[in-house]
Amino acid sequence: EVHLVESGGGSVQAGGSLRLSCVGSDDTYNMNYMGWFRQAPGKEREAVATIRTSVGTAHYADFVKGRFSISQDRTRNTLFLQMNSLKSDDTAMYYCAGRFGVGVLLSPLAPDKYTTWGHGTQVTVSS
């Protein structure tokens, strides 16, 4: 069974940093895209950043460009999200997700393209 487990969330003051990690089962090595998504109360789930795993090409939502960075360690089946200059608007449950497939996604930031999801890790930013 394929699974993803997130960690690293917590409470931080505005301007602070957090690093999220997502450890996957061995099968996740074959996922062609992985990413981080978030959902705040009363809002829809939205993409934060995704990566095409074979080549390391990253895609970011406009609201995190320059602040967040996605990276991977394929030897450990681990995905990371470094979050700097956090704002209160970044408060949400953050989810790791991935998908199996081949080729290039036309919409790599679309949540409905991802089929395997973790349970999430809460990030709370106080102003």
Side-chain angles (χ1 to χ4, degrees):
E1 181 180 353
V2 179
H3 61 264
L4 301 168
V5 179
E6 304 95 335
S7 64
S11 297
V12 64
Q13 289 192 331
S17 299
L18 284 173
R19 189 190 195 205
L20 305 184
S21 299
C22 170
V23 179
S25 54
D26 288 346
D27 288 350
T28 59
Y29 182 86
N30 295 315
M31 288 182 166
N32 68 333
Y33 280 85
M34 296 188 71
W36 291 96
F37 299 79
R38 71 186 188 185
Q39 187 167 19
K43 295 187 177 181
E44 292 187 355
R45 189 169 296 188
E46 61 184 357
V48 175
T50 64
I51 188 168
R52 187 180 176 202
T53 58
S54 61
V55 294
T57 303
H59 305 270
Y60 293 94
D62 288 344
F63 55 78
V64 301
K65 286 181 179 177
R67 300 190 298 127
F68 292 8
S69 177
I70 189 171
S71 61
Q72 60 179 348
D73 183 345
R74 300 193 76 193
T75 66
R76 294 191 291 158
N77 292 328
T78 304
L79 186 72
F80 302 100
L81 183 69
Q82 178 66 44
M83 304 187 294
N84 299 325
S85 302
L86 283 160
K87 307 174 182 179
S88 57
D89 288 348
D90 295 320
T91 295
M93 184 71 78
Y94 283 70
Y95 298 91
C96 174
R99 70 183 300 274
F100 295 100
V102 296
V104 178
L105 280 179
L106 293 178
S107 303
L109 294 174
D112 63 359
K113 301 297 184 185
Y114 295 78
T115 55
T116 301
W117 293 81
H119 293 292
T121 185
Q122 178 68 37
V123 171
T124 302
V125 184
S126 58
S127 57

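Predicted model only: the values in this text are computed from it and were never measured.
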Determine, stepwise, if the pair Lys87 / Arg67 fulfils side-chain contact (heavy atoms from CB on, under 4.5 Å).
CA-CA 10 Å; Lys87 307 174 182 179; Arg67 300 190 298 127; 3.7 Å; yes

Show your working on side-chain contact (heavy atoms from CB on, under 4.5 Å) between Phe80 and Ile70 and close with a plain yes or no.
CA-CA 6 Å; Phe80 302 100; Ile70 189 171; over 6 Å; no

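In this structure, CE in Met93 is found 11.0 Å from NE2 in His119, a value given to the nearest 0.5 Å. To the nearest 0.5 Å, atom CG of residue Asp89 and atom OG of residue Ser127 are 9.5 Å apart. Distance check, rounded to the nearest 0.5 Å: CD of Glu6 to CD of Gln122 gives 12.0 Å.
Under the 6.0 Å distance and 45° angle rule, Arg38 does not count as a cation-pi partner of Tyr95.
A heavy-atom distance below 4.5 Å is not found between the side chains of Tyr94 and Gln39. By the 4.5 Å heavy-atom criterion applied to side chains, Phe68 and Asp90 are counted as neighbours. By the 4.5 Å heavy-atom criterion applied to side chains, Cys22 and Leu4 are counted as neighbours. At least one side-chain heavy atom of Arg99 sits under 4.5 Å from a side-chain heavy atom of Leu105. Counting only heavy atoms from C-beta outward, the side chains of Val125 and Val123 approach each other to under 4.5 Å. Residues Thr57 and Ile51 have side chains not in contact (no heavy-atom distance under 4.5 Å, counting atoms from C-beta outward). Residues Met31 and Thr116 form a side-chain contact, since some pair of their non-hydrogen atoms from C-beta on lies under 4.5 Å apart. Using a 4.5 Å heavy-atom cutoff, the side chains of Asn32 and Phe100 are not in contact.
Looking at every heavy atom in both residues, Ser17 comes nearest to Gln82 through CB-NE2, 4.0 Å. Nearest heavy atoms, Thr28 versus Ser25: OG1-O, 2.5 Å. Annotation for Met34 and Cys96: closest pair CE-SG, 4.1 Å, computed over non-hydrogen atoms. Closest heavy-atom contact between Leu79 and Gln72: CD1-CB, 4.2 Å.
Listed by first and then second residue, the ring-ring contact (aromatic ring centres under 6.0 Å, His included) pairs that reach into residues 2-47 are Phe37-Tyr114, Phe37-Trp117, sequence neighbours excluded.
No side-chain donor from either of Asp73 and Thr78 sits under 3.5 Å from a side-chain acceptor of the other.
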